[in-house]
Amino acid sequence: MDFNDSQIQAIEHLNGPCLVLAGAGSGKTRVIIGRIKNLVFKHKISPRNILAVTFTNKAAKEMTDRLKGSVKDFNEITCSTFHALGVRIIRENVSAIGYRKDFTIYDSASQHAVIKKAMHNLNISTEMFDPKLIHYKLSAMKNISPDLDNIPALDPISTLAKRILPEYKRILKFNNAFDFDDLLLVMLELLSKHPEVLHKYQRKFKYIMVDEFQDTNPIQNAIINHLAGGHNNLFVVGDDDQSIYAFRGADFRNILDFENKWKDCKTIVLDVNYRSTATILSAADSIINNNKERKAKNVKAHHKINVPLEYFQGIDAVHEAKLIAERIKDDKNKNFSDYAVLMRTNFLSRNIEEVFRESNIPYKIVGDYKFYDRKEIKDILAYLSVLSNPSDEVSTLRIINTPKRGIGEDTVFKISNYAEQEHLNFYAALRSFKKISTISTPKHYNLSQFLNIIIKNIEYSNNHSVSDTLINVIDDIDYFGYLSKENSKASVARVANVEELINSVKRYEKEVRNSTINGFMDKVSLLQESEDTNHGNQVLVLTLHSSKGLEFENVFICGFEDGILPHKRSIEEHNVEEERRLCYVGVTRAKRKLYLSSASMRMQYGKEIKSEPSRFLKEIPEDLFLYPPSQASEKNVENAKNSIQEMLEKIKAKYAKK
């Protein structure tokens with residue numbers, strides 16, 4: 001495929017700010033790759049002076065893979081997510097903010113543990129106030145503004161979260177740890193409050209490109225503004241119509257206001273869709289054109305074929321799932337991997353799963369339990385974390401009695417108390433356990449045993465690879481023996497998971513020249529759940545949010561009802577435009593055929609409640625459908641009669657044989 005005129009304009013842009021409005025399926029990744037090549041080959045820009053930022057590891061890897069074969073020093077190009085860029089900048093300048101280089105990045109479970117401790121220290125009941133809700137509020141605040149003290153608390157939980165925040169931050173620093181949101185906040189702090197750090201990266205990153213700019217939150221936008229402020233060579237690509245992450249703090253106004261912020265900005269519209277049929281694109285446009293806060297685009301379909309849409313209505317949710325299964329099975333030339341079922345909320349997947357199993361349709365649910373969230377994996381990773389950062393109290397508490405070594409909660413409590421009294425971190429207090437008079441002598445052997453394992457493996461890690469250290473730890477604590485005690489299928493699976501962790505470390509060592517425990521832990525911390533979309537010859541079942549960036553030959557959007565899409569809460573909060581953008585994203589995932597489905601009745605709180613088709617359905621012209629949605633109820637009755645007739649014929653045939 002050759003580049004079209006608008007793509008060529010974007011690729012050949014050199015200096016100054018540029019906004020590329022990229023409609024769905026318009027080849028934006030090709031444009032970013034093309035521009036990087038143009039900078040390197042035509043304008044002789046050094047690859048080390050180029051920064052490309054995106055939102056997922058998958059997108060960053062795709063860019064890097066595409067550059068491998070054509071750009072000699074492609075590995076000098078910084079192509080990463082915002083959070084990975086944060087880890088890099090923080091590790092390179094961490095002393096400026098009083099941390100050590102061996103800091104730990106806490107996942108959600110570790111953050112909850114710190115919040116619980118902060119609440120305990122402040123005499124706030126964890127039974128009355130859910131630490132997970134406090135974490136949610138803190139994360140939301142951190143994505144709005146770096147000035148957390150001046151963010152208004154609009155509800156009692158937010159007020160409580162603000163009260164807990166200083167103690168939460170104190171514990172994190174004491175543990176030499178950051179949470180995920182800190183990777184952005186601390187990066188912004190380094191760039192905004194340390195001029196020498198800012199100037200270093202402005203000199204390094206002379207050409208900056210940002211993909212999916214509509215998904216940036218205020219912190220990310222401020223980071224980019226600082227980095228590009230020295231030279232104004234900022235090239236952003238995005239589509240305000242695909243901004244669907246407001247719940248994560250994304251602000252689509254960043255892209256709407258870009259031309260006002262950056263004077264002399266060049267604006268280019270990628271206006272040819274290479275993915276979807278003309279019918280699908282017409283349906284998508286007819287929906288999104290009802291939004292008022294948007295930049296108008298006239299995106300044309302490259303593929304002029306017209307395959308009509310289908311809308312069908314099940315009697316209930318189970319019947320809706322059966323109708324989806326029937327259409328998939330009726331396709332004689334099907335590959336199951338050509339189909340995806342998209343839904344607004346996860347609860348809709350239950351009936352889909354049950355019917356697919358009954359119908360022998362292979363499927364995969366995106367968002368299944370993550371590999372790195374399994375208990376056995378988290379146990380071993382906690383050992384690695386402590387070897388790298390002994391101040392990591394959360395990880396130390398996880399492994400101090402795993403496997404069982406006779407160190408109970410009472411002993412841990414006494415060490416924690418001593419740490420508080422002596423202003424020590426937990427590991428330092430643990431090393432001084434003989435000074436703690438309340439710990440009985442019989443417990444000394446158990447504590448010494450644990451400390452010896454940690455100290456010995458810290459020394460071992462200084463002279464051995466990450467994988468060798470990992471294997472040494474597993475052998476030292478006899479973790480495979482610990483897992484195998486159950487002698488069950490589950491224990492066999494857990495052993496296999498740990499073996500796969502070893503394989504994962506070895507793959508990391510092959511990819512990274514100077515591999516370290518910190519580097520591997522960073523990689524794990526930056527993994528994102530929604531990226532696991534490799535599904536072989538299976539139907540992919542996923543939420544509309546998770547589908548962004550993907551494409552499929554045939555797409556079902558189920559639960560196409562008011563109260564589901566658009567979501568009931570969005571209707572009540574008068575935020576239907578975000579839901580319309582979400583619908584637009586779902587529609588434009590389809591390349592050839594789009595199916596929309598709903599149920600006449602849906603179970604809510606144990607009762608059958610009548611459902612109304614989505615208001616978005618009325619925004620699509622009826623002539624785009626195989627048969628008008630207004631006739632769906634009649635078709636529903638006809639299908640039900642046919643099903644009953646088919647069942648009666650089978651019964652007659654069965655008794656006729658007798």
Side-chain angles (χ1 to χ4, degrees), residues 21 23-24 136 140 143-144 154-155 212-218 238-257 276 280-297 299 309 311 313 317 320 341-348 542-548 555-590 594-600 602 604 609-622 624-625 629-630 632:
L21 292 170
Y136 171 79
N143 282 287
I144 292 172
L154 302 176
D155 58 81
E212 305 287 9
F213 189 69
Q214 77 281 349
D215 293 334
T216 52
N217 63 32
D239 181 7
D240 52 299
D241 290 334
Q242 296 186 68
S243 180
I244 60 172
Y245 295 122
F247 67 96
R248 292 182 189 167
D251 189 347
F252 71 99
R253 283 179 288 269
N254 289 341
I255 196 168
L256 295 183
D257 296 340
S276 306
I280 291 169
L281 196 59
S282 295
D285 285 345
S286 67
I287 293 168
I288 202 64
N289 284 337
N290 289 279
N291 271 6
K292 294 176 182 177
E293 283 192 280
R294 64 184 293 264
K295 286 183 177 288
K297 301 171 222 38
V299 181
L309 315 182
Y311 168 72
Q313 188 177 50
E320 178 192 17
V341 180
L342 311 184
M343 58 197 69
R344 175 61 179 84
T345 53
N346 277 313
F347 80 83
L348 294 172
L542 66 168
T543 64
L544 287 160
H545 284 99
S546 298
S547 74
K548 191 163 176 292
V555 167
F556 292 87
I557 302 179
C558 66
F560 209 67
E561 301 156 31
D562 259 22
I564 296 178
L565 183 65
H567 195 276
K568 180 182 178 183
R569 184 183 300 167
S570 296
I571 296 170
E572 292 170 350
E573 295 175 356
H574 307 289
N575 192 24
V576 172
E577 291 212 352
E578 171 105 353
E579 295 288 297
R580 192 175 279 112
R581 291 194 292 271
L582 187 57
C583 182
Y584 175 82
V585 165
V587 168
T588 55
R589 298 312 93 196
L594 175 68
Y595 302 85
L596 307 174
S597 69
S598 66
S600 300
R602 196 169 291 276
Q604 293 181 26
I609 306 294
K610 187 173 178 2
S611 298
E612 292 295 329
S614 171
R615 63 192 66 191
F616 301 148
L617 186 65
K618 297 175 184 176
E619 297 175 354
I620 306 172
E622 289 209 329
L624 296 179
F625 289 88
S630 56

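For clarity, every value in this text was computed on a predicted model and none was experimentally measured. Each residue takes its place number in the sequence, starting with 1.
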> Rounded to the nearest 0.5 Å, what separates atom CG in Asn291 from atom CZ in Phe252?
8.0 Å
> Mind checking what makes ring-ring contact (aromatic ring centres under 6.0 Å, His included) contact with Tyr595, not counting sequence neighbours?
Phe556
> Would you find a donor on one side and an acceptor on the other, under 3.5 Å apart, between the side chain of Tyr311 and the backbone of Ser598?
no
> Any side-chain heavy atom of Leu542 within less than 4.5 Å of one from Leu342?
yes
> My understanding is that only one of Arg615, Lys618, Lys610 makes a salt bridge (charged side-chain N to carboxylate O under 4.0 Å, His left out) with Asp562; could you say which?
Arg615
> What pairs with Lys292 under side-chain contact (heavy atoms from CB on, under 4.5 Å), at least two apart in sequence or on another chain?
Glu577
> Just by distance, no angles: are the side chains of Arg569 and Asn575 close enough, under 3.5 Å, to form a donor-acceptor pair?
no
> Under the rule for side-chain contact (heavy atoms from CB on, under 4.5 Å), what residues qualify as partners of Asn346, not counting sequence neighbours?
Thr543
> When you look at OH of Tyr136, are more than 12 heavy atoms from neighbouring residues, nucleotides or ligands closer to it than 6.0 Å?
no
> Work out which heavy atom in Val587 is nearest to a heavy atom in Ala284; give both atom names and the distance.
CG1-CB, 3.8 Å
> Taking Gln242 for the side chain and Val585 for the main chain, is one N or O donor matched with an acceptor at less than 3.5 Å?
no
> Quick one about Glu622 and Ser630 (side-chain donor to acceptor, distance below 3.5 Å, no hydrogens or angles considered), yes or no?
yes
> Tell me the closest heavy-atom pair linking Ser547 and Arg589, and the distance in Å.
O-CD, 3.3 Å
> Could you tell me whether the side chain of His545 and the main chain of Ile244 form a donor-acceptor pair under 3.5 Å?
yes
> Using the test side-chain contact (heavy atoms from CB on, under 4.5 Å), find all partners of Val299 that sit at least two apart in sequence or belong to another chain.
Asn273, Leu281, Lys297
> Decide side-chain contact (heavy atoms from CB on, under 4.5 Å) for Arg344 and Leu582; before the verdict, give the C-alpha distance in whole Å, the side-chain angles of both, and the deciding distance to 0.1 Å.
CA-CA 9 Å; Arg344 175 61 179 84; Leu582 187 57; 3.4 Å; yes
> Any sub-3.5 Å donor-acceptor pair from Glu320's side-chain atoms to Gly559's backbone N or O?
yes
> Check for a donor-acceptor pair, side chain of Asp240 on one end and backbone N or O of Lys295 on the other, with a separation under 3.5 Å.
yes
> Between Ser570 (side chain) and Val576 (backbone), is there a donor-acceptor pair under 3.5 Å?
no
> Roughly how far, to the nearest 0.5 Å, is CD1 of Ile280 from OG1 of Thr588?
9.5 Å
> Output all residues satisfying side-chain contact (heavy atoms from CB on, under 4.5 Å) with Ser611, sequence neighbours left out; order by chain, then residue number.
Glu561, Arg602
> Judged by atom type as modelled, is there a donor-acceptor pair below 3.5 Å linking the side chain of Arg294 to the main-chain atoms of Asp241?
no
> How long is the gap from CD1 on Ile564 to CD1 on Ile557, to the nearest 0.5 Å?
13.0 Å
> Sequence neighbours excluded, which residues qualify as side-chain hydrogen bond (donor to acceptor under 3.5 Å, both in side chains) partners of Glu612?
none
> Working to the nearest 0.5 Å, report the span between CG of Asp251 and OG1 of Thr216.
7.5 Å
> With a 4.5 Å limit on heavy-atom distance, are the side chains of Phe616 and Asn290 in contact?
no
> How long is the straight-line distance from OG1 of Thr345 back to NE2 of His567, given to the nearest 0.5 Å?
6.0 Å
> Distance check, rounded to the nearest 0.5 Å: Gln214 atom CD versus Leu21 atom CG?
10.0 Å
> Considering all heavy atoms of both residues, which atom of Val555 and which atom of Gly586 are nearest to each other, and what is their separation?
CG1-O, 4.1 Å
